[in-house]
J.: 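Okay, handing you the structure first.
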Amino acid sequence: METTPIGSLRQHIGEQVKIQGWLQVLRDQKKMQFLVVRDRTGMVQVAFWRQSDPSLAEQISKLTTESALTITGKVVDNPIVKLGGLEIQLETLKVESLAQSPLPFEPFGDTLPSTDFRSDWRYLDLRRTESLLIFKVQTTLEMAMREFWVKNDFMEIHSPKIMGSASEGGAELFEMTYFDRKAYLAQSPQFYKQMAMAAGFEKVFEIGPVFRADPSFTARHMTEFTGIDMEISWIDSHDDVMRVLENLLQYTYQRVKEVHGDQIKEVFHKELIVPEVPFPRVTMAEAHEILKEVGYQLPPEKKGDLDPGGERALAKYIKDKYNHEFVYVIDWPITVRPFYHMRHEDNPHLTKSFDLIASGLEIVTGAQREHRYDVLLRQAKEKGVSQESIQFYLDFFKYGCPPHGGFGMGLSRLLMVMLDVPNIRECVFLFRGPNRLHP
RNA sequence: GGGGGCGUGGUGUAGCGGUUAACAUGCGGCCCUGUCAAGGCCGAGAUCGCGGGUUCGAACCCCGUCGCUCCCGCCA
């Protein structure tokens, strides 16, 4: 017999079914036994009259919560039952795996242990409705993005994560042993997706792992995370990149809302708002004026930049004024941007770059890239980047490279803002941080 | 890496100089009931992170240490 998802039992009233799931609650009474069984689609009450088979009743009595069970029985409509107005009358029970007791913590308790403690028992933590929903949303979200890209003639690439030399900065690289020499874990697919532009791929995307050796202890940093990267050719400015990005996000929000909107409202108490395009745009200079206007004191060393508090203050201003959860901060000074960001023709101190702030959190950085060999080399030298270290990269621009640009986005950060989850550790299957390598 | 906060039964908390260290939840037992993420009674379970110190006396005060956490730096 095929397994019936618990969420669809309503369509099987009067039938014999097989369900497979975890024992959530056992109410073991004198005459009757009630089991609440849960799978990833829902919960159902299973009823059993003890006298109909005393030895089976004994077996049921010994069950522990969170044990994995296979149950067959008849689905009956029963309006009295508070859980869905139906129940299963148990016929057979197979204990696939008896859970040890007590559990390290109760995944369905009123209070939850700290994120850190739950991380030790992540497979139990992931059984929670909230966790499950986050990863259902993640699946839809990634699918929607791929749909969008494929519809718009993008190509998917998979760039290597083991590299022979540093790609961008260098300081935040994990070093590893590669046979008899050193190698590094990729901190970004940046250079490789630009290589795809030089290769004539024209529009590419990559969803893949990114490694950062940053000893950051915040609720939004990880040492390994999934990066969503995109790069497109023949652009006029960074605005072309921003237009694709906002359309991509609008499409993605739309799809997630269609598929999970109701459950998100139920579980996270959040009405998912499909963002209007175009997203508000403010230049870095304007951002500073806005902060001054709302009375936010930016630390003096933050000239030409924003700090997290400033980003939140700006997001609040945009939310109040334009009722928008997203805001692009554009035209960042060259001092706070890497050498490969293109500069404005009419202002050599400003880059053609942007950050996307979503509900006060930085989730995307993007730019038009400098594709002119000489200019690129000059900017690298100016930033103190040695030519030898990036020669392989500079070579991309030697034999005809189109003007291009793109962005990098954090998958888990997007989930955080989408679902209002305050800690990134909840939004990733398994968290990796400076102090967390297990499980 | 800098600064703040917190470490008490499995879990979440209370207690903040002298208490049989309390409560909730979970766990075990019993009772009751077509129950309903039930209810009632009983029970087990904590040398209060660790190491020093102050004191007649420390979970409580001080110092150190480790762990966690938040903010900042850095970023996605």
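Values in this document were obtained by computation on a predicted structure and should not be read as measured data. Just so we're on the same page: letters track the sequence lines, and every chain starts at 1.
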J.: Indicate, with yes or no, if the rings of A:F326 and A:Y253 have centres closer together than 6.0 Å.
T.: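 When the ring centroids of A:F326 and A:Y253 are compared, they turn out to be within the sub-6.0 Å range.
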J.: Counting only Watson-Crick or G-U wobble pairs whose two distances fall under 3.5 Å, which nucleotide matches B:G1?
T.: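 Its partner is B:C72 (Watson-Crick or G-U wobble, both distances under 3.5 Å).
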J.: So what does A:D120 touch, heavy atoms closer than 4.0 Å: a base, only the sugar-phosphate, or nothing?
T.: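 Nothing: the residue A:D120, judged by heavy atoms under 4.0 Å, touches no strand.
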J.: Among A:I424, A:V210, A:V428, A:L411, which one satisfies side chain to side chain contact (heavy atoms under 4.5 Å, CB included) with A:F225?
T.: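 The side chain to side chain contact (heavy atoms under 4.5 Å, CB included) with A:F225 is passed solely by A:V210 among A:I424, A:V210, A:V428, A:L411.
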J.: Could you go through nucleotides 10-14 of chain B and list every protein N or O atom that sits under 3.5 Å from one of its N or O atoms, giving the distance for each pair?
T.:
{"unit_1": "B:G10", "atom_1": "O2'", "unit_2": "A:P104", "atom_2": "O", "d": "2.7"}
{"unit_1": "B:G10", "atom_1": "N2", "unit_2": "A:E106", "atom_2": "OE1", "d": "3.1"}
{"unit_1": "B:G10", "atom_1": "N2", "unit_2": "A:E106", "atom_2": "OE2", "d": "2.6"}

J.: From the options B:C72, B:G34, B:A37, select the nucleotide whose nearest atom is closest to the side chain of A:W49.
T.: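 Of B:C72, B:G34, B:A37, B:G34 is nearest to the side chain of A:W49.
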J.: Base, sugar-phosphate, or nothing for A:G408, non-hydrogen atoms under 4.0 angstrom?
T.: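 Sugar-phosphate, no base atom in range.
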J.: Measure from the side chain of A:P308, starting at C-beta and using heavy atoms only, and say which of B:C74, B:G34, B:U69 lies closest.
T.: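 Among B:C74, B:G34, B:U69, the one nearest the side chain of A:P308 is B:C74.
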J.: So what does A:T218 hit on the nucleic acid, given a heavy-atom distance under 4.0 Å: a base, only sugar-phosphate, or nothing?
T.: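 Contact class for A:T218: base.
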J.: Mind listing the side-chain donor-acceptor pairs of residues 291-299 of chain A below 3.5 Å, one per line with the distance, residues two or more places apart or on another chain?
T.:
{"unit_1": "A:Y296", "atom_1": "OH", "unit_2": "A:D307", "atom_2": "OD1", "d": "3.1"}
{"unit_1": "A:Y296", "atom_1": "OH", "unit_2": "A:D307", "atom_2": "OD2", "d": "2.9"}
{"unit_1": "A:Y296", "atom_1": "OH", "unit_2": "A:G310", "atom_2": "N", "d": "3.1"}

J.: Distance between the P atoms of B:G51 and B:C60, in whole angstroms?
T.: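 Result for the P pair: 12 Å, nearest Å.
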J.: When we call it a touch if two heavy atoms are under 4.0 Å apart, what does A:D110 touch: a base, just sugar-phosphate, or nothing?
T.: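 The answer is nothing, as A:D110 stays clear of every strand by at least 4.0 Å.
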J.: What is the nucleic acid contact for A:R118, judged by heavy atoms within less than 4.0 Å: base, sugar-phosphate only, or nothing?
T.: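 The answer is nothing, as A:R118 stays clear of every strand by at least 4.0 Å.
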J.: Indicate whether OP1 or OP2 belonging to B:C36 is found under 4.0 Å from a side-chain N or O atom of A:R27.
T.: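 No, no such contact exists.
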J.: Going by heavy atoms closer than 4.0 Å, what residues in residues 72-81 of chain A are next to RNA chain B?
T.: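 Residues of residues 72-81 of chain A that come under 4.0 Å of RNA chain B are, in numerical order, A:N78, A:I80, A:V81.
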